[in-house]
Amino acid sequence: DQLSLDSACLFAQYELLLGNNPEDFFSQWMIYLTEPTTSLFALSQHFLSKKSKSFFRQWSTISDLYAPTFWVTFWADQLWRAYMYADLMHQKKQAEAKKVQYKLPFSFINRDWQMYSLDELRNAHDCLAKIDFQLKNGASDIGLEYFYTQFFDQKFR
């Protein structure tokens, strides 16, 4: 959406080296040369807030920045932390919950944890473990898309 002055200068330097046909270079490499305008933290916030439109809009811009195995690990970590936090909050152990809230979005910590059952978080994490196994055994990354639709369709409850 936006290009910083530093990135614009960097691209001007690359353009000097590319000659008459820079379009292919910029269309294929631009995303790797600029800082993403979206963060993993914001993506996680949309995910755990179950804001599917915001999530998929952002997902479409950064999904290719990392390998599918990264995404499985990233979401498994988020769900594990969310499970631990929600479990401790349900037990009214705020001090312990504060210790495990690291890397969780503020909206989850403040309110969104209440809309989750522990079973839902556990089942979603279990699904990711199966996808991880499949990826490591040659399956395609379509399992991640399946996971997202199942998650937003509340199929893990």
Would you check if His90 and Trp113 make a side-chain contact, meaning some heavy-atom pair closer than 4.5 Å?
-> yes
Classify the ring geometry between Trp71 and Trp59 as parallel (under 30°), tilted (30 to 60°) or perpendicular (over 60°).
-> perpendicular
Would a hydrophobic clustering, with Ile, Leu, Val, Met, Phe, Trp and Tyr connected at side-chain separations under 4.5 Å, put Ile142 with Ile62?
-> no
Ser44 side chain near Phe74 side chain, heavy-atom distance below 4.5 Å | yes
Hydrophobic cluster membership, Trp75 vs Met115, 4.5 Å side-chain cutoff | yes
Does Ser49 use its side chain to pair, donor to acceptor, with the backbone of His46 at less than 3.5 Å?
-> no
Might you confirm whether atom CH2 of Trp80 has over 12 heavy atoms from other residues, nucleotides or ligands at distances under 6.0 Å?
-> no
Please round to the nearest 0.5 Å and tell me the distance separating atom CD1 of Ile131 and atom CD of Glu145.
-> 10.0 Å
Apart from Phe41 itself, members of its ILVMFWY cluster (side-chain separation under 4.5 Å) are Phe106
Residue set satisfying ring-ring contact (aromatic ring centres under 6.0 Å, His included) with Tyr83, at least two apart, ordered chain then number -> none
Considering all heavy atoms of both residues, which atom of Ala82 and which atom of Leu104 are nearest to each other, and what is their separation?
-> N-CD2, 3.8 Å
Using the test side chain to side chain contact (heavy atoms under 4.5 Å, CB included), find all partners of Ala124 that sit at least two apart in sequence or belong to another chain.
-> Leu79, Phe147, Phe151, Phe156
Return yes when atom NZ of Lys50 has more than 12 non-hydrogen atoms of other residues, nucleotides or ligands closer than 6.0 Å, and no otherwise.
-> yes
Interatomic distance, His125 atom NE2 to Lys130 atom NZ [nearest 0.5 angstrom] = 12.5 Å
Answer whether the closest heavy-atom distance between the side chains of Leu40 and Tyr66 falls below 4.5 Å.
-> yes
Return the orientation label for the Phe47 and Tyr148 ring planes: parallel under 30°, perpendicular over 60°, tilted otherwise.
-> perpendicular
Atom CD in Gln94, atom NZ in Lys99: separation rounded to 0.5 Å?
-> 13.0 Å
Taking all atoms of both residues into account, what is the closest heavy-atom pair of Gln78 and Leu48, and its distance?
-> OE1-CD1, 4.0 Å
Cluster question for you: counting only ILVMFWY and a side-chain heavy-atom cut-off of under 4.5 Å, with indirect links fine, are Tyr146 and Phe152 together?
-> no
To the nearest 0.5 Å, how far apart are CD1 in Ile109 and CD in Gln45?
-> 10.0 Å
Point-to-point distance, once rounded to the nearest 0.5 Å, from CG of Leu128 to CG of Leu144 | 7.5 Å
How far does NZ of Lys51 sit from CG of Asp112, to the nearest 0.5 angstrom?
-> 7.0 Å
Test item: Thr73 side-chain N/O and Thr69 main-chain N/O as donor-acceptor pair under 3.5 Å | yes
Applying salt bridge (Lys or Arg N to Asp or Glu O under 4.0 Å), which residue pairs with at least one partner in residues 81-95 are found, sequence neighbours left out?
-> Asp77-Arg81
Side chain to side chain donor-acceptor pair (under 3.5 Å) with Arg122: which residues, sequence neighbours excluded?
-> Asp119
For Arg157, all residues meeting side chain to side chain donor-acceptor pair (under 3.5 Å), sequence neighbours excluded = Gln154
Would you name the heavy atoms of Ser39 and Ala42 that are closest together and state the gap between them?
-> OG-N, 3.0 Å
